[in-house]
Each structure stands twice: as C-alpha cells, then as structure tokens.
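Below is one structure, written out as structure tokens; the observations come after it.
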Amino acid sequence: MPTNRTFTMIKPDAVSDGFSGPIIQQIEEAGFKIIALKKIKLSPEEAGKFYEVHKERPFYQSLCDYMSSNDIIPMVLEKENAMEDFRTLIGATNPANAAEGTIRQRFAKSIEANAIHGSDSDENAAIEAAFFFSEKELKN
Ligand code: UDP
Ligand code: MG
C-alpha cells in the first residue's frame with residue numbers, strides 16, 4: 001500500500017449512536033479521500049487477531065469484546081502524510097485528553113469506546129487494510 005494511505009475503523013459505539021455520517025464528513029472535509037469502505041461485524045476471535053499486538057495488556061479482553069459487540073466501518077483513506085495527519089484528526093486515545101474539535105473529543109464515550117481507530121505507522125496501515133480488504137478493493 002502506498003505511504004500516502006492510512007487505515008481507520010469507526011468503532012461500535014459511534015456506529016450504533018448514528019455518528020458515522022458526521023465522522024465521515026469530518027474526515028472528507030479534512031482532505032482525505034475514501035479508497036475503500038465497508039460495514040462489518042467482527043467475531044471476538046477476529047477482533048482478538050486484529051488487536052494481537054495488545055494481547056499482554058490488561059484491557060485486551062475487554063477491547064476484543066467491545067470491538068465485536070456491534071458493526072464497525074473499516075476504511076482506507078488517502079491524503080498526503082495520511083497516517084500522521086489522521087492521528088492528529090482523531091486526537092488522543094483517551095477522549096478526556098483529546099484536543100478540541102478532534103473526532104475523539106467530539107464523539108468518543110470513554111478510553112475504550114473512543115469512536116475511531118487510526119493506524120500508528122505506514123507499515124501497520126498496510127497490514128490492517130489487508131485484514132479487511134482484498135488487493136482488488138485496494139487497487140483504486
Ligand atoms: N484502550 C483501552 N484502554 C487503554 C488503552 C487503550 O481500552 O488504557 C483501547 C482503545 O479502544 C484504543 C485501543 O485500545 O483505541 C488501542 O490502544 P492504543 O494504545 O493502540 O491506542 P490508539 O492507537 O487507538 O490511540
Ligand atoms: Mg494504536
């Protein structure tokens with residue numbers, strides 16, 4: 001995947017609260033182009049695989065239960081400096097610390113149910129995109 005791309009998921013709380021529209025609008029208004037998008041519900045096992053890097057952390061089981069509790073909306077986005085600019089757009093992991101106007105500050109409920117995911121490196125963005133989308137879907 002080119003380095004001007006990143007991967008995101010709108011998380012279960014934000015999807016079920018009806019915030020996917022305003023979140024996608026904020027993403028597009030910030031200059032990101034949607035390359036791929038779907039709505040899907042993960043099994044607890046799939047969520048566990050996605051978050052395997054966190055498996056030793058105390059919040060892992062709860063995170064996997066939460067991430068498989070309802071539909072999510074994974075997306076691949078394109079913009080110059082995508083990964084870093086997207087992390088800035090979503091704000092800090094804990095919405096209590098997220099900057100004013102960021103997606104997490106606006107829409108997140110808690111440090112766990114924090115509305116949206118953003119990849120933390122170009123390498124992980126490519127791995128995470130391939131978890132949800134085929135090569136053909138990423139070809140655009
Ligand atoms: N998380 C949590 N408790 C914590 C830290 C993280 O429940 O103390 C959840 C939260 O949903 C977060 C995800 O685990 O988005 C992955 O954590 P990470 O540290 O990678 O934060 P992110 O990169 O999403 O900001
Ligand atoms: Mg992370």
Side-chain angles (χ1 to χ4, degrees):
M1 194 163 78
T3 57
N4 60 345
R5 290 188 176 187
T6 193
F7 171 81
T8 183
M9 305 181 277
I10 304 176
K11 295 187 178 184
D13 57 304
V15 174
S16 51
D17 287 346
F19 295 146
S20 39
I23 289 173
I24 289 170
Q25 181 173 9
Q26 185 168 353
I27 291 169
E28 292 190 316
E29 283 176 356
F32 292 88
K33 181 179 164 196
I34 298 169
I35 299 297
L37 176 153
K38 67 174 75 167
K39 189 173 184 186
I40 190 172
K41 187 171 179 204
L42 293 177
S43 68
E45 293 72 29
E46 288 166 332
K49 193 162 172 249
F50 183 88
Y51 280 113
E52 200 149 25
V53 290
H54 293 309
K55 70 170 180 291
E56 305 304 335
R57 299 179 71 179
F59 58 81
Y60 176 71
Q61 191 55 53
S62 175
L63 176 63
C64 295
D65 291 345
Y66 157 63
M67 285 300 295
S68 56
S69 65
N70 215 323
D71 289 350
I72 60 168
I73 301 179
M75 292 181 271
V76 174
L77 304 173
E78 191 168 275
K79 182 185 179 296
E80 200 181 305
N81 203 36
M83 185 281 291
E84 281 185 17
D85 285 2
F86 195 73
R87 293 288 305 195
T88 303
L89 183 70
I90 68 177
T93 306
N94 186 345
N97 303 326
E100 186 65 29
T102 58
I103 293 175
R104 283 171 167 167
Q105 185 270 323
R106 292 180 67 198
F107 299 109
K109 286 193 158 65
S110 67
I111 190 169
E112 178 178 83
N114 61 358
I116 193 156
H117 169 83
S119 301
D120 63 4
S121 67
D122 287 346
E123 188 193 359
N124 284 338
I127 293 168
E128 292 171 359
F131 189 91
F132 288 96
F133 298 103
S134 68
E135 261 179 60
K136 190 178 169 192
E137 288 170 313
L138 295 174
K139 222 177 68 189
N140 286 324

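Numbering of ligands and ligand atoms starts at 1, following listing order. Since the structure is predicted, the reported quantities are computational estimates derived from the model, not experimental observations.
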Please list the nearest protein heavy atom to atom 19 (O) of ligand 1 with its residue and the distance rounded to 0.1 Å. R57 NH1, 3.6 Å
Contact partition for I111 relative to ligand 1, non-hydrogen atoms under 4.0 Å: both
Closest non-hydrogen contact found for N114 with R104 is O-CG, 3.1 Å
Closest protein heavy atom to atom 5 (C) of ligand 1, given as residue, atom name and distance to 0.1 Å: F59 CE2, 3.4 Å
For K11, the ligand 1 atoms with a heavy-atom partner under 4.0 Å come out as 10 (C), 11 (O), 12 (C), 15 (O)
For E123, is the CD atom crowded, meaning more than 12 foreign heavy atoms sit under 6.0 Å from it? no
Joint hydrophobic cluster, V15 plus I116, side-chain heavy atoms closer than 4.5 Å: yes
With N4, the side-chain contact (heavy atoms from CB on, under 4.5 Å) member among E80, E78, K33: E78
List the closest protein heavy-atom neighbour of atom 22 (P) of ligand 1: residue, atom name, distance to the nearest 0.1 Å. T93 OG1, 3.6 Å
Any nitrogen or oxygen of H117, main chain or side chain, under 3.5 Å from a nitrogen or oxygen of ligand 1? no
Checking heavy atoms under 4.0 Å, the part of L63 that sits near ligand 1 is side chain
Determine whether any heavy atom of M67 lies closer than 4.0 Å to an atom of ligand 1. no
For ligand 1, which atoms sit closer than 4.0 Å to a heavy atom of N114? 10 (C), 11 (O), 12 (C), 15 (O)
Could you check atom 23 (O) of ligand 1 against the protein and tell me its nearest heavy-atom contact, residue, atom and distance included? R87 NH1, 2.8 Å
Should one rank H54, R104, E112 by closest heavy-atom distance to atom 18 (P) of ligand 1, which comes out on top? H54
M9 contact mode with ligand 1 (heavy-atom cut-off under 4.0 Å): neither
Which label fits F19 and F107: parallel for a plane angle under 30°, tilted from 30 to 60°, or perpendicular past 60°? tilted
F7 vs F50 aromatic rings, parallel, tilted or perpendicular, using cut-offs 30° and 60°? tilted
If you measure from SG on C64 to CD on E46, what distance do you get to the nearest 0.5 Å? 11.5 Å
Starting at CZ of F131, measure out to CE of M9 and round the result to the nearest 0.5 Å. 8.5 Å
